[in-house]
Student: 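Quick one: this structure, given as structure tokens, is what I'll be asking you about.
Throughout, protein chains are lettered first and strands after them, A, B, ... in sequence-line order, and every chain is numbered starting at 1. Below, all heavy atoms of this structure are taken into account, side chains as well, without hydrogens, waters or symmetry copies. Since we're looking at a predicted model, the values are computed, not measured.
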Amino acid sequence: MKLVYFAWVRERIGVAQEEVTPPESVTTVRDLLEWLRSRGEQYAEALKFPDAIRVAINQEHAGHDERIAGAREIGLFPPMTGG
Amino acid sequence: MKLVYFAWVRERIGVAQEEVTPPESVTTVRDLLEWLRSRGEQYAEALKFPDAIRVAINQEHAGHDERIAGAREIGLFPPMTGG
Amino acid sequence: MAITADVRIQSEPFDTGAEIASLSSGRRDNGALVTFSGICRDEAGTLAALEIEHYPGMAEAEISRIAAEAAERWPVTAITVIHRHGRIVTGDPIVLVMTVSEHRQAAFAAAEFMMDFLKSRAPFWKKEHRVDGSSGEWVDAKETDEKALTRWE
Amino acid sequence: MAITADVRIQSEPFDTGAEIASLSSGRRDNGALVTFSGICRDEAGTLAALEIEHYPGMAEAEISRIAAEAAERWPVTAITVIHRHGRIVTGDPIVLVMTVSEHRQAAFAAAEFMMDFLKSRAPFWKKEHRVDGSSGEWVDAKETDEKALTRWE
């Protein structure tokens with residue numbers, strides 16, 4: 001699946017997007033954040049306060065309990081400051 | 001004092017403004033409306049529902065209980081439809 | 001706040017874009033600008049125009065009082081009100097209320113407050129000119145407009 | 001109502017007057033047009049510009065969803081939203097929300113509703129560029145903006 005990062009999540013992880021294949025045990029958004037944190041220093045730093053991370057699955061807002069099965073694109077980003 | 005009329009009050013009375021000198025017994029707006037109604041057919045018709053008449057003394061909204069002593073200009077008109 | 005509203009009573013049309021530009025240019029401290037434009041409706045095709053009568057002098061004074069009250073209640077930095085009189089054909093604008101503030105809530109609330117009070121307190125009266133050529137009735141004040149004021153008490 | 005909002009995400013400035021004209025021309029059934037312009041504040045002279053990042057695709061989709069929800073709740077006949085991205089200097093407009101309705105309350109409410117949701121739900125992020133030349137912080141989301149949503153529940 002494709003992961004896309006924005007704002008300080010993007011800056012801290014160091015890439016704007018990447019293709020990943022999480023293990024089968026990763027079923028929810030929360031699992032995904034946990035798994036990403038294990039991937040290295042930048043990920044651990046960017047995602048150290050998971051509650052501060054907002055998530056979109058296929059470009060729609062999603063909660064941390066939501067299942068990621070079938071997601072083509074998951075966006076991870078800080079709280080939005082639109083308008 | 002000068003009386004000015006607007007909208008259907010003006011149309012029914014038949015003049016846009018006039019100078020009047022009410023008797024001394026006329027002290028409030030309510031008295032003035034009563035006195036005007038006695039001045040002729042058109043006045044009686046224009047002011048037959050006094051509660052429907054809005055009043056301004058010296059170009060400020062005034063209630064029917066307000067005293068008219070010292071008024072230079074009194075406006076009589078229907079409920080407003082501004083905006 | 002001690003601001004003076006720009007209040008204009010005129011028969012000519014106005015240019016909302018130009019009014020916005022003149023209020024926002026040169027200001028860098030305002031985050032929010034709200035405009036309300038009231039437009040002459042055709043009432044399902046029956047109305048050709050409105051003839052708007054006003055009380056000269058009092059119209060300016062009363063709208064200025066309403067604007068001053070809005071500026072007391074909310075931290076607005078500028079207010080413009082333009083209200084037209086005379087014959088206005090359907091589709092044309094009748095009134096413009098514009099508010100500027102640092103924050104959106106104040107700009108919205110001040111504009112809504114002023115429109116509610118303009119409806120029932122600004123000395124204007126509308127007479128209908130119908131499409132069939134007849135000169136229609138004076139538009140009745142709406143009870144809902146009078147009731148709208150109670151939410152600001 | 002089944003209206004389709006005109007949603008545009010762009011780096012170019014927009015002309016509010018032209019947008020108003022294009023929505024109001026040829027329509028005679030609409031009594032009320034509300035605009036909200038969000039302008040880049042200079043934060044007491046410390047800010048030179050904002051760099052606005054957005055989530056392409058999702059930004060349009062999410063704003064369209066917010067507009068559809070507004071059109072479900074209030075009888076609006078047209079909605080336009082323009083949200084800019086990229087570098088925006090202080091004093092320049094960031095966002096325009098425009099609503100048209102037969103009645104003023106619907107136009108006001110729909111515009112306020114959309115602005116409240118744009119603040120916390122539209123995928124945009126603002127980074128500060130300070131007057132002293134330093135690239136500042138990402139603007140924090142305000143708790144008050146999140147709380148503002150509860151009044152629409």
Student: Side chains of C/E62 and C/Y55: any donor to acceptor distance under 3.5 Å?
Tutor: no
Student: Side chain, backbone, both or neither: which part of C/K127 has an atom under 4.5 Å from a heavy atom of chain B?
Tutor: side chain
Student: Using heavy-atom distances under 4.5 Å, tell me whether B/E11 contacts chain C through its side chain, its backbone, both, or neither.
Tutor: side chain
Student: Any salt bridge between C/E146 and C/K142, counting N to O under 4.0 Å?
Tutor: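 No, no charged N to carboxylate O under 4.0 Å.
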Student: Between B/R30 and B/E34, is there a salt bridge with N-O shorter than 4.0 Å?
Tutor: no
Student: Under a 4.5 Å heavy-atom cutoff, which of C/M115, C/R65, C/E51, C/H54 has the most pairs with chain B?
Tutor: C/R65
Student: What verdict does the ring-ring contact (aromatic ring centres under 6.0 Å, His included) test give for B/W8 and B/F77, after you've listed the backbone C-alpha separation in whole Å, the side-chain angles of each residue and the deciding distance to 0.1 Å?
Tutor: CA-CA 7 Å; B/W8 53 252; B/F77 40 81; over 10 Å; no
Student: Does any backbone or side-chain atom of C/P56 lie under 4.5 Å from a heavy atom of chain B? Answer side chain, backbone, both or neither.
Tutor: both
Student: Please flag which part of B/R54 lies under 4.5 Å from any non-hydrogen atom of chain C: side chain, backbone, both or neither.
Tutor: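 Answer is neither: B/R54 stays 4.5 Å or more from chain C.
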Student: Which region of C/D116, side chain (C-beta onward) or backbone (N, CA, C, O), has a non-hydrogen atom less than 4.5 Å from a non-hydrogen atom of chain B, or is it both or neither?
Tutor: neither
Student: Out of C/A59, C/P123, C/A61, which one racks up the most heavy-atom pairs below 4.5 Å with chain B?
Tutor: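 Of the candidates given, the most pairs with chain B belong to C/P123.
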Student: Kindly state whether the ring of C/H85 and the ring of C/F124 have centres lying under 6.0 angstrom apart.
Tutor: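 No, ring centres 6.0 Å or more apart.
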Student: Ring of B/F6, cation from B/R10 - is the NZ or CZ under 6.0 Å from the centre and inside 45° of the axis?
Tutor: no
Student: Examine whether an atom of C/R121 lies under 4.5 Å from a heavy atom of chain B, and if so say whether it belongs to the side chain, the backbone or both; otherwise answer neither.
Tutor: both
